[in-house]
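The block underneath contains the structure these notes are about, expressed in structure tokens.
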Amino acid sequence: MQALWNTIFYEPIYNALIFIINTVTFGDIGFAIILLTLIVKLILSPLTKKSIKSQILMKKMEPELKQIKKDFPDKQEQAKKTFELYKKYGTNPFSGCLVVLLQLPVIFALYFVFYKGLSTLGSGPLYSYIHTPIALHSNFLGLIDMGSKSIVLALLAGVSQFIQGYLASPIKPKVEVIPASAVKEPKTFQEQMSDSMQMNIKYVLPVFIAIIAYQISAGVALYWITSNIFVIVQEWHTRRSFLKKAI
């Protein structure tokens with residue numbers, strides 16, 4: 001399984017990095033990391049865009065899904081009405097997860113190229129037509145060594161992850177005036193789990209990424225920053241375009 005993963009994902013991305021270093025950035029590792037990350041994210045962007053749209057639609061459907069549960073206690077009828085609602089909006093609850101799963105092997109391969117590959121540039125699994133880099137410049141902008149630790153890039157990785165998580169969080173509906181006599185229904189277990197997961201993604205994950213980025217190398221931190229900035233721009237643009245069409 002590992003050999004298959006290396007052949008399909010790791011080796012092509014590793015060789016792409018060496019090719020960029022040789023022909024585009026002329027030995028500059030930092031700019032090669034940025035360029036390769038952007039290329040991979042652009043290739044995956046249609047899947048990411050579909051995932052973002054799925055999140056928006058699922059949030060939009062939420063009040064109607066709750067109403068179906070109230071109006072149709074029978075599980076079979078409830079399932080039928082829920083399926084009709086998904087069909088009406090042109091989505092399903094698993095589309096977002098499927099899109100993310102399709103991206104994961106490529107994202108992991110990209111990460112491991114910068115995690116393991118930076119220390120073995122040119123001595124890894126090169127294709128016959130890819131040459132070993134003659135000159136390598138590891139100092140990004142003449143300031144930060146891509147193979148060493150950088151607290152600045154690690155913090156930027158954490159901050160950019162926080163911004164991405166904030167934008168990706170479902171937009172809460174406007175607060176409605178609830179009569180005093182009305183009884184607020186307790187949240188279901190699924191809703192509690194969803195809230196907990198959103199909190200972890202928004203606040204815990206950025207800290208975790210900042211720590212990991214600092215512990216490994218500046219190259220990995222630069223990868224996270226570039227990836228997060230790309231997703232932030234795509235998230236903002238997709239949501240803006242989707243809301244404009246809805247008006």
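Since we're looking at a predicted model, the values are computed, not measured. Quick note: numbers below take in every heavy atom, side chains included, and nothing from hydrogens, waters or symmetry partners.
- A ring-ring contact (aromatic ring centres under 6.0 Å, His included) check over residues 41-62, counting only residues at least two apart or in different chains, returns nothing.
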For Lys80 and Phe72, run side-chain contact (heavy atoms from CB on, under 4.5 Å): C-alpha distance rounded to whole Å, both residues' side-chain angles, the deciding distance at 0.1 Å, then the answer.
CA-CA 10 Å; Lys80 180 183 176 183; Phe72 302 96; over 6 Å; no
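- With sequence neighbours excluded, the residues that form a side-chain contact (heavy atoms from CB on, under 4.5 Å) with Pro12 are Tyr127.
- Separating the CG atom in Asn15 from the CD1 atom in Ile130 is a distance of 5.5 Å, to the nearest 0.5 Å.
- Asn139 places none of its side-chain heavy atoms less than 4.5 Å from the side chain of Ile144.
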Begin from the C-alpha positions of His137 and Ile29 and carry the test side-chain contact (heavy atoms from CB on, under 4.5 Å) through to its verdict.
CA-CA 6 Å; His137 310 293; Ile29 297 175; over 6 Å; no
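- Between the side chain of Asn22 and the main chain of His131, a donor-acceptor pair closer than 3.5 Å is present.
- Taking the side-chain contact (heavy atoms from CB on, under 4.5 Å) definition, one finds that Ala213 meets it with Ala154, Ala157, Ala221, sequence neighbours left out.
- If you take CD on Glu77 and NZ on Lys81, they are separated by 5.5 Å, rounding to the nearest 0.5 Å.
- Residue Ile13 holds its CD1 atom at 11.0 Å from CG of Asn6, rounded to the nearest 0.5 Å.
- Legend: residues meeting side chain to side chain donor-acceptor pair (under 3.5 Å) with Asp71, ordered by chain and number and at least two apart, are Gln67.
- Each ring-ring contact (aromatic ring centres under 6.0 Å, His included) pair with one or both residues in residues 26-50, not counting sequence neighbours, appears once here: Phe31-Phe140.
- Shown here are the side-chain contact (heavy atoms from CB on, under 4.5 Å) partners of Phe9, two or more places apart in sequence or in another chain: Trp5, Pro105, Val106, Ala109.
- Atom-to-atom distance recorded for Lys49:NZ and Ser241:OG is 6.5 Å, nearest 0.5 angstrom.
- When the side chains of ILVMFWY residues are joined at heavy-atom separations under 4.5 Å, either directly or via intervening members, Leu42 and Val231 end up in two distinct hydrophobic clusters.
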Please tabulate, for side-chain N and O atoms in residues 33-40, each donor-acceptor pair with protein atoms closer than 3.5 Å (sequence neighbours left out).
residue, atom, partner, partner atom, Å
Thr37, OG1, Ile33, O, 2.7

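- Between the CG atom in Leu167 and the OG1 atom in Thr238 there is a gap of 11.0 Å [rounded to 0.5 Å].
- Within the hydrophobic cluster formed by Ile, Leu, Val, Met, Phe, Trp and Tyr side chains joined at under 4.5 Å, directly or through other members, Phe83 stands alone, with no partner residue.
- Side-chain contact between Trp224 and Tyr111 is present, with at least one heavy-atom pair separated by less than 4.5 Å.
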Carefully, step by step, assess Leu126 and Tyr14 under the rule side-chain contact (heavy atoms from CB on, under 4.5 Å).
CA-CA 8 Å; Leu126 291 178; Tyr14 178 81; 3.8 Å; yes
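- Taking the side chain as every heavy atom from C-beta outward, Pro133 and Ile18 approach each other to under 4.5 Å.
- In the hydrophobic clustering, where aliphatic and aromatic side chains (Ile, Leu, Val, Met, Phe, Trp, Tyr) are joined below 4.5 Å either directly or transitively, Ile211 groups with Val207.
- Between Phe230 and Thr48, the closest side-chain pair of non-hydrogen atoms is not below 4.5 Å.
- Under the rule for a ring pair (Phe, Tyr, Trp, His ring centres under 6.0 Å), Phe208 has no partner lying at least two apart in sequence or in another chain.
- With sequence neighbours left out, Lys88 forms a side-chain contact (heavy atoms from CB on, under 4.5 Å) with Glu64, Leu85.
- In this structure the side chain of Gln164 reaches within 4.5 angstrom of the side chain of Gln161, judged on heavy atoms.
- Shown here is Gln76, whose CD atom has no more than 12 heavy atoms of other residues, nucleotides or ligands within 6.0 Å.
- Minimum interatomic distance between Phe114 and Val220 (heavy atoms only, all atoms of both residues): O-CG2, 3.7 Å.
- When side chains are defined from C-beta on, Ile107 does not count as touching Phe112, because their heavy atoms never get closer than 4.5 Å.
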Check the pair Gln78, Lys75 against side-chain contact (heavy atoms from CB on, under 4.5 Å), reporting the backbone distance first and the verdict last.
CA-CA 5 Å; Gln78 190 180 113; Lys75 294 296 181 182; 4.3 Å; yes
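- Annotation: side chain of Leu153 is in contact with side chain of Met146 (closest heavy-atom distance under 4.5 Å).
- For the atom pair Leu44 CG and Ser227 OG, the distance stands at 9.5 Å (nearest 0.5 Å).
- Every pair passing side chain to side chain donor-acceptor pair (under 3.5 Å) that includes a residue from residues 145-160 is listed here, sequence neighbours excluded: Ser138-Asp145, Ser160-Asn228.
- One hydrophobic cluster, built from ILVMFWY side chains closer than 4.5 Å, cannot hold both Tyr129 and Ile134; they sit in different ones.
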